[in-house]
*Asks:* 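Structure below; questions to follow.
Below, each value reflects all heavy atoms present in this structure, side chains not excepted, and no hydrogens, waters or symmetry copies.
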Amino acid sequence: MASPEPSAAAAGAGGDAAGQRAPVEPLRLPTPEEIKGQEMMNNCAVRSVLSGVMVGGGLGVLMGLFFGALENPIMAEEMTARQQIVYQAKQMGRKSMSHAKTFAVMGLIFSAAECVVEKARAKHDITNSAVAGCVTGGALAAKGGPQATCIGCVGFGAFSVAIEKFMERYN
């Protein structure tokens, strides 16, 4: 049974094969500005600050707004509607700032640790996230003593690995 498409040998013998090929795009080299931008983003300090302030702080503000809105005043029955609104707004502001600071510190420590470990190991894998999670959990729980530091290290490290597995960044 003959196939409806011409064979490669028939196409090469004066057929339309050259017309069917996609044109080859020339390779575009990065500009000096693009190279400088990439080098800047490969700096651990820049990456950590951006992660801590932008991601951690932003997420903290959103979490603070959410949890601040859930707080009910103790004497809500005795407060006017205006007093309740003012109270809720103040609570949301306080919670937002508190959560923003916490998440910013957490993001900064995690990002810095992951970047340093990745550069030291010269590998991009899930071990970097586990070590960075351990360092972050231990640093955040350090005020609680050695036992809290160990629990924070193991807990945050396991959480980091679980998130990386869920996101499947590394294959």
*Asks:* Does any N or O in the side chain of S98 come within less than 3.5 Å of the main-chain N or O of R94, such that one atom is a donor and the other an acceptor?
*Replies:* no
*Asks:* Which heavy-atom pair separates M106 from L140 by the least distance, and what is that distance?
*Replies:*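 What the structure gives for the nearest pair is CG-CD1, 3.8 Å.
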*Asks:* Measuring from F159:CZ to F166:CZ, what's the distance to the nearest 0.5 Å?
*Replies:*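 Here the rounded value is 10.5 Å.
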*Asks:* Provide the closest heavy-atom pair for Q83 versus E78 in the form atom of the first, atom of the second, distance.
*Replies:*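 So the minimum-distance heavy-atom pair works out to OE1-O, 4.2 Å.
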*Asks:* Considering only Ile, Leu, Val, Met, Phe, Trp and Tyr, and joining two whenever side-chain heavy atoms are under 4.5 Å apart, list the other residues clustered with I85.
*Replies:*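 Taking Ile, Leu, Val, Met, Phe, Trp and Tyr as members, I85 stands alone, with no cluster partners.
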*Asks:* Apply the hydrophobic cluster definition, ILVMFWY joined by side-chain contacts under 4.5 Å directly or through others, and give me every member besides I35.
*Replies:*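 When side chains under 4.5 Å apart are linked, I35 ends up in no cluster with other residues.
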*Asks:* Taking L108 as the starting point, is it possible to reach F110 by hopping between hydrophobic residues whose side chains are less than 4.5 Å apart?
*Replies:* no
*Asks:* Report the hydrophobic cluster partners of V86, with the cluster defined as I, L, V, M, F, W, Y residues connected by side-chain heavy atoms closer than 4.5 angstrom, directly or transitively.
*Replies:* none
*Asks:* Quick one: CD on E114 to CD on E164, what's the gap to the nearest 0.5 Å?
*Replies:*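 Nearest 0.5 Å value for the CD-CD distance: 6.5 Å.
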*Asks:* Kindly check if the number of other-residue, nucleotide or ligand heavy atoms within 6.0 Å of NZ (K36) is above 12?
*Replies:* no
*Asks:* Once rounded to the nearest 0.5 Å, what's the spacing between atom CD of E34 and atom CG of L29?
*Replies:* 10.0 Å
*Asks:* To the nearest 0.5 Å, what is the distance between SG (C153) and CD1 (I151)?
*Replies:*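 Separation between the atoms: 11.0 Å.
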*Asks:* From T31 OG1 over to E33 CD, what is the distance, rounded to the nearest 0.5 angstrom?
*Replies:* 4.5 Å
*Asks:* Measure the spacing between NZ of K165 and OG of S160 and express it to the nearest 0.5 Å.
*Replies:* 13.5 Å
*Asks:* Would you list the atom pairs, donor with acceptor, under 3.5 Å between side chains in residues 40-67 and any protein atom, with sequence neighbours excluded?
*Replies:*
residue : atom : partner : partner atom : Å
N42     : ND2  : Q38     : O            : 3.3
N43     : OD1  : A45     : N            : 3.0
R47     : NE   : M41     : O            : 3.4
S48     : OG   : C44     : O            : 2.7
S48     : OG   : A112    : N            : 3.1

*Asks:* Using the test side chain to side chain donor-acceptor pair (under 3.5 Å), find all partners of R121 that sit at least two apart in sequence or belong to another chain.
*Replies:* D125, N128
*Asks:* Quick one: name the residues clustered hydrophobically with V24, using the 4.5 Å side-chain heavy-atom rule over I, L, V, M, F, W, Y, and just say none if it's on its own.
*Replies:*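 Joined to V24, directly or through intermediates: none.
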